[in-house]
Structures are given as structure tokens and as C-alpha cells.
4 protein chains.
Amino acid sequence: MNSRSSTLVPETARANEAAILNAALEAFSQKGFNGASMRDVARGAGTSLSNLYNYFPSKSDLLAALLRMANDELLNRIETAVAGAGRRATDQLRAAVEAHVRFVVEHQNASLVALSEIRYLTGAARKRVVAARDRTQGLYEEIVAAGAAGGEFGTPHPEDAARNLVSMLSAISTWYSPGGRLDPDALAAQHARFSMALLETNDRS
Amino acid sequence: MNSRSSTLVPETARANEAAILNAALEAFSQKGFNGASMRDVARGAGTSLSNLYNYFPSKSDLLAALLRMANDELLNRIETAVAGAGRRATDQLRAAVEAHVRFVVEHQNASLVALSEIRYLTGAARKRVVAARDRTQGLYEEIVAAGAAGGEFGTPHPEDAARNLVSMLSAISTWYSPGGRLDPDALAAQHARFSMALLETNDRS
Amino acid sequence: MNSRSSTLVPETARANEAAILNAALEAFSQKGFNGASMRDVARGAGTSLSNLYNYFPSKSDLLAALLRMANDELLNRIETAVAGAGRRATDQLRAAVEAHVRFVVEHQNASLVALSEIRYLTGAARKRVVAARDRTQGLYEEIVAAGAAGGEFGTPHPEDAARNLVSMLSAISTWYSPGGRLDPDALAAQHARFSMALLETNDRS
Amino acid sequence: MNSRSSTLVPETARANEAAILNAALEAFSQKGFNGASMRDVARGAGTSLSNLYNYFPSKSDLLAALLRMANDELLNRIETAVAGAGRRATDQLRAAVEAHVRFVVEHQNASLVALSEIRYLTGAARKRVVAARDRTQGLYEEIVAAGAAGGEFGTPHPEDAARNLVSMLSAISTWYSPGGRLDPDALAAQHARFSMALLETNDRS
DNA sequence: GATGAATGAGCATTCATTCAT
DNA sequence: TATGAATGAATGCTCATTCAT
């Protein structure tokens, strides 16, 4: 149904749960968490309103599940990319950024919802999702700090630069358009360069 | 009442209108446009629900008024800063970024609402606000393009770099905390440096 | 402004009162008493909402004034017509019907409101208006009863025939269209004939 | 609950829908469409306000359903009566009028609402109901035209006479009182006679 | 699991009316 | 007279959620 969500929500097992999650993603990304109704989700999932509650105990839990999956998957992809990138900070960062950009364009709806609807989460669910997000942020900070310490990055503000870098990458979900001027690969390469520049690398490619 | 909104909403004339706008800013920034109710706004403004409609014909119009003011004021400040910055692109950009950062920290709520609630605007109101936002973006693009053409900026992607720069600056409203490590001046200087780095200036200060 | 209301609401003295009454007539006839708002009336009258209450203490009183004028004027015209019609019931009835039809087409809005909005009157105002309406009805009944007693009308149900006659005439306000097939004179003549037929006159013209 | 609505709203299947329709009939006939609230209807139906919307998507749709049923049932009864009345126009008209009168007194609320609240219908719903009403009117016109052509009726204005006849019959709903002087049969017979007279039949019974 | 019906709370908006000026 | 601002109550309608089946 929505190729952009292929790997985020596994459609193989429990077809209904996947349909609900995907419908929620669509609804929340188009109307926002508070603007979308459980009826919207049910309609999109092709099931009844009350059946939603057999899978998710509340609307908030539905959002939490979505954000958890999105953040976990993003973190996972970045970690995998970094792990395979050798030990130079420059290479690790490039790998992270490219994986990040690809995730955002492949799962634009999920990225958008993760960016803009996290504020509607409260309590334990919020803590958990914020923690996942912070781990991603922390990963960037570590790489940047290491690169700054090792002389690869010249920026005098490694932590703040990392934060701004993540802001930049996350914001792609707000303006990217699939049919646009740049394809995902070009976009990834371009943002790798932006990242290097932001961190004041001497070695530009 | 809210020092962060000092100049955005003039409290001198039409006290009630200003109180309503400020209450709406507070409500929308804390709960989102759809999560905040007109009752919230009325309570915050110290007036009755129905009296709100003597000032704004609908909740959407209230949001539109807010976004219009925020975008217009931001654009105005940047234009003024640029106009007083000489003709080198580097100087103009630094002036723009510093004015931008100061606006965001001075009007954090307004900036946050302008960033995240614009999606709930429709029709003519949306067009108008989007146009104001695009003029700001266009101003950055012009400066960057001029600087790239004149050899001040080395970036091979002036337009996209400008877009990411604006993303970065706008996102400050999502994480800035008034009592934090950096005061507004330091933050402005820091982001001026980030901007120069992103555009690959040779001249770093 | 509205020629159909020329004599019902005297526009000479107290221009505002007349404007309000005419605006109310327009509003009530188009949207019904409950569907029209005092704001509608104010807008139509070209004055402020609150100023309405300097002339009429409540929306109900405004309706009452309207209905009183409409019923009084109708009764007055019919009485005048009957008084000038000689003493044969046939002639009196014809005069009454023709005056009645002319009133309805000249004051269609007022007639429509008098027919369909009287139900929203309560208390003393209702009593007074119902009394006026019943006097008109009574006049018809008297003429028909006299004509039946004198052999001019053959109907065996004078009172019920009179009621149905009035129903028929009042209903003209619900379907008459100024630019239609029949002009007021033709319509009056036609309904005079219908009335004679209904009462089973031997003398048909 | 309301014996006057016995056949109009079938209470056998879907008990709630019938209860809502009957409550709406009661509410609209007593307070008018705009004067009655959905809360009134819910109270009368013995259910919650929000549950109303599981049966009818809007107040207008509720009115439309009511008017559709009323007009369809009236038309149906008249058609059935006419079909069983032989081929003389006089007999057909008498049958139509008697069926009409019986419908009005049996379903006085529905008849009253159909007469006076049709103006609050808009769009497609209005078109549909107006069409049903016009078919009834057309049926009368056809009978009268045939009778006039065949010499049974002497009226020189068959179409207009038919219209006034329908006005007369519809208006019964505005003044009839169940415990009154005339029982339904007598009323039907009386109005059959009025109809014949109005059309200037030679043969009076 | 899955459904349709049900509900109480809440929503944006409009109302007739009042009041200070 | 005339007004703009104000209000409490009510409006039609939607919401997330529950429950009996």
C-alpha cells in the first residue's frame, strides 16, 4: 500500500496490526496527532473503530508504538552504518549521515511524525521515546567529539554542532518531495558534505 | 505578562486583542493548535469564550494572525539587519543569522508555533503566511547565491545549503531553554559561525 | 427599499424603527423566526445590534409588532372593502376576497410571516395577535353565515367553508411569485370566483 | 408512544431509529425545526445526544428523512385510492381527497412538519422532497384537468383550482384538533364536498 | 478478534441580551 | 439614541473510549 513504510511496519505477521500502524502513520502525518481521529485510522486500516482497541489500548499508545518503531529503526540503521565504517570519525559520520538521510526519505511520514508529534506523548511512553531519540543524538555527539578530539573536525563547539546537524537532517522530512530535483543518493551525498562543512573538516570530498 | 512576547504583540493599544493573541501563543505552543481549545485561550486571556469572537472570527483566524505577525516580524528584523551590514555577503549573512537567532530566543513561543503549526492553516490565510515565510527563505538564498558567485562562499549547493541553514535556525525554537548554557549573544555568535562553516567560507572568525 | 412593505411599515416617522421592522420582516420571512438572528436584523436595518433594543425590548416583541401590524392592516382593509360593498353577502365576500388577495401579494413577506411564525409567539403578545387573526376569520364567517341564511350561498357548512377559504387565501403567500403568470388583479378575480364556487353560489361571474 | 405516527414510522425493526424519528416529529412539530434542538430529540427518544448521530448524520438529514417519509406515504395513499376509484374524474378526486384528509388527521404532526418545515431543507435533500410533493400536486392537477376536459368539472382554472385545493387540504394540519366537532370520516366527506364545489361540479352529493 | 451501538465530555461557534460610555 | 464590548447559555457536532454480542 505504502512503499515508504516497507520495513518500518512488518506486514507479514499480524496483518491488521500493520494496517493499523500504517493507517495511523498516514493519518497523523497528514492531520497531526490531535487533528486525526481514531475513526480516520480505522477507515484507513479498513477495520472497525472498536477493533482498534484490540490492538492498541489507546490513541496515545498507538502514537507511542509508531514513534518507538521509527526511532528504534533509525538508531539501528545508523548504528549498523557506523559499525561498518571503520574507525575514522569522518568516515563514521559520513556513514551515519547517509544512513540517516536515506531513512528520512524512505520513511518520510514516520520521520515527520517522529519529529513533530513526539510532544503529544506523556508519561512513561514519552520517556522511552525520548530516550531512544537521545541515544541517536548521543551517537552523533560521540562521533563528533571523537573527531574533534582527534583533529579531524575543527569545530570549537562539537556538541552544539552535532545538535544542529541532527536538526538539519530531521528537517528534511518537512520539505522533501519524492519527485524532486535530487534523488535519495544525491541527497545523502549532499548532506554528507554539509555535515563535513558544518564540523569544519579539513578533508572535503 | 509574557516577556518573551514583548514586541511581537503590542500591548499598548487594544489591550484585549493583545491579551488574546498572547494567550493563544501560549496555548498553541504548549498544546498545539488542535490540542488547545478556545476555552484555553479565553482562560489565558482572562475573558469569556464568546468574547474571543469579537476579536477573531475563528480559531483559524487567530492562528493566522499569530503566524502572520511572527513571520512578518522575523522578516522585518532580518531585512533591517541585512540593510545595515554593508555589501559583502559574509557580513550580510552574519547579520541575518544573528538577528534570526535573537528573534527565535526572544520570541521562542511564536517561533515554535510558526514552525510547527503552519500546517494547520488553509486557504488564503495559508497562502499569505507561506508567502511571508518564503520571502525570508528567499532572502537567505539571495545572499548565499551572491556570496557563492562572488567567491566568498565555497559551497557547491548554495540553494540547498540556504534551506538547511534556515532549518537549523528555526529548530532552535524546539530545544532552546532560556536558562541554558549559552546566552542569546553567545548563541547568535555560535550560529553565525555554524552558518559560515556550512557555506564553506574561507574567512572564519 | 422594499416596495411590498410600503404601507405596512410607515417609513416617514422614526426612520430607524421602520428600517428595523422591515429588516425583521425580511429576515424572518427568509430564515424563519428561529433561524434569523438579531444580528441579521441589525445588518438588514443598517444599525447596530444593541441599538435594536432601544426600539424593541426583545426579539419576541419585534415579531409581535410585525404580526400585529400585518393582522391589523389586513383586517382593516377587509373591513373597509366590505363596508363599501353594499349589503348582499355575495358582493361583500367578493370585496373581502379581492382585498385579501391584494394584501397578500402586496405584502407577501408580512403575510408569510403572519401565517407561519405566529406559532413562536407566547403569552399576552400571542393572545393579542390571535385575537386579531380571529376577528378576520370571524368577519368571513359572518358574511358566509348571512349569505347562507339568505340563500345566496348553498353550502351546508358555512363555518367550515369560511375557514377553508381563509386557509386558501393565506396560502397564496407561500406560492405566489411576483413575476408569475397572473397579475394581482387577475389573481384577485380568480380567487373571488374560487370563493363563490366553494360556497356554492348560484350566481357565478 | 405516539399513536398518530403508527404507520408512518415502522416501529418493528430498528426500534431506535423509529424512536428517534418519532421524537424528531414531536419536537419539530412543537418547536419548529430551528426551535427544536438535537438534545430535545435525544431526550424524546430516550437516548443520548451523540447516539443520534449513529442513525442520522445531521439534523438536516433527520428532517429530510421525516419529510421524505411523510410525502412518500401521502403520495402512496392517494395513488392507491385513485387507482381503486374507477375512471371518472369525480370519483377519483373524491377518493384522493378522502385519503388525503385521513392521512392528515392520522399523521397530523407529520403533515404539519411537511407543510411548514420543508423550507429548512437545502440542496439535494430539498430537491428530492420537493419532487415528491410536486408529484402529489401533479396527480391532483391531472385529475382536475381530465375532469375539466371531460366536462365533469366546470372550473375555468383547473391548474390553479388544484393548487388551492391542495393548500386547503394541507392546512387542515394547522387547525385540526382530534377531539373536535367532526370525526375523520365526516371531515373527509366534508372536504370531498368542498373540493367538488371548488371545481364547479354539476353533480353534487 | 471483530462489530455496531452507546456514551459523557468536549469542541468551535452563535445566540439573545446587557452594560458602560 | 447609539455603540462596541461583554457574557452565560445554548447550539450542532465529534471525540476517545466502552460494552454487549
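What you are looking at is a predicted structure, and each value in this text was computed from that prediction instead of being measured.
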Next item on the list: Applying salt bridge (Lys or Arg N to Asp or Glu O under 4.0 Å), name anything that partners A:Arg133, two or more places apart in sequence or on another chain.
Entry: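 Per chain and number, A:Arg133 pairs via salt bridge (Lys or Arg N to Asp or Glu O under 4.0 Å) with no residue.
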
Checklist line | Residues that A:Arg68 engages under salt bridge (Lys or Arg N to Asp or Glu O under 4.0 Å), provided they are two or more places apart | finding: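 Partners of A:Arg68 by the salt bridge (Lys or Arg N to Asp or Glu O under 4.0 Å) criterion come out as none, since no residue qualifies.
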
Margin query: For a quick check of understanding: with a heavy-atom distance under 4.0 Å over all strands, which category does A:Ala42 fall into, base, sugar-phosphate or nothing?
Written below: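 The answer is nothing, as A:Ala42 stays clear of every strand by at least 4.0 Å.
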
For [X] and [N], give me the distance from atom [atom1] to atom [atom2], rounded to whole Å.
X: D:Phe56; N: E:dG4; atom1: CZ; atom2: C1'; answer: 16 Å
X: C:Arg43; N: F:dA2; atom1: CZ; atom2: P; answer: 19 Å
X: D:Phe33; N: F:dT11; atom1: CZ; atom2: P; answer: 13 Å
X: C:Phe28; N: E:dA16; atom1: CZ; atom2: C1'; answer: 12 Å
X: B:Leu63; N: E:dT13; atom1: CG; atom2: P; answer: 12 Å
X: D:Asn51; N: E:dA9; atom1: CG; atom2: P; answer: 16 Å
X: A:Tyr120; N: F:dA16; atom1: OH; atom2: P; answer: 14 Å
X: D:Leu52; N: F:dG12; atom1: CG; atom2: P; answer: 10 Å

Which donor-acceptor pairs under 3.5 Å do the side chains of residues 124-132 of chain C make with protein atoms, sequence neighbours left out?
| residue | atom | partner | partner atom | Å |
| --- | --- | --- | --- | --- |
| C:Arg126 | NH1 | C:Ile118 | O | 3.1 |
| C:Arg126 | NH1 | C:Leu121 | O | 3.3 |

Notebook entry, point to check: If we ignore angles and hydrogens, is there a donor and acceptor under 3.5 Å between the side chains of D:Ser58 and D:Asp61?
Noted result: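 Their side chains do contain a donor-acceptor pair, which is all the 3.5 Å distance test asks for.
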
Using a cut-off of less than 4.0 Å, is there contact between a side-chain N or O of [X] and OP1 or OP2 of [N]?
X: D:Asn54; N: E:dG4; answer: no
X: D:Tyr55; N: E:dA6; answer: yes
X: A:Ser37; N: F:dT14; answer: no
X: D:Asn16; N: E:dA5; answer: no

Margin query: Among D:Leu62, D:Asn51, D:Asn54, which residue satisfies the side-chain contact (heavy atoms from CB on, under 4.5 Å) criterion with D:Ile20?
Written below: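 Result for side-chain contact (heavy atoms from CB on, under 4.5 Å) with D:Ile20: D:Leu62.
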
Next item on the list: Enter the distance from A:Leu49:CG to A:Arg39:CZ here, rounded to the nearest 0.5 Å.
Entry: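 Separation between the atoms: 5.0 Å.
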
Nucleotide N/O to protein N/O under 3.5 Å, stretch nucleotides 17-21 of chain E:
| residue | atom | partner | partner atom | Å |
| --- | --- | --- | --- | --- |
| E:dT17 | OP2 | C:Tyr53 | OH | 3.1 |
| E:dT17 | OP2 | C:Lys59 | N | 2.9 |

Margin query: Let me spell it out: for each of B:Asp40 and D:Gly46, pick the nucleotide of DNA chain E with the closest heavy atom. Which residue's pick is nearer the 5' end?
Written below: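 By nearest-heavy-atom nucleotide position, the 5'-most residue is D:Gly46.
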
Next item on the list: Taking only Lys NZ, Arg NE, NH1 and NH2, and the carboxylate oxygens of Asp or Glu, determine whether C:Glu117 and D:Arg119 approach each other closer than 4.0 Å.
Entry: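 Salt bridge present between C:Glu117 and D:Arg119.
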
Notebook entry, point to check: Which residues satisfy the side-chain hydrogen bond (donor to acceptor under 3.5 Å, both in side chains) test with D:Ser173, sequence neighbours excluded?
Noted result: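 Scan of D:Ser173 (side-chain hydrogen bond (donor to acceptor under 3.5 Å, both in side chains), adjacent residues dropped) gives none.
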
Notebook entry, point to check: Stem ranges for DNA chain E, with three or more consecutive Watson-Crick or G-U pairs under 3.5 Å?
Noted result: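 Consecutive-pair runs (3 or more) involving DNA chain E: E:2-21 with F:2-21.
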
Margin query: Is the shortest side-chain heavy-atom distance between D:Leu63 and D:Val113 below 4.5 Å?
Written below: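 Yes; the side chains approach each other to less than 4.5 Å.
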
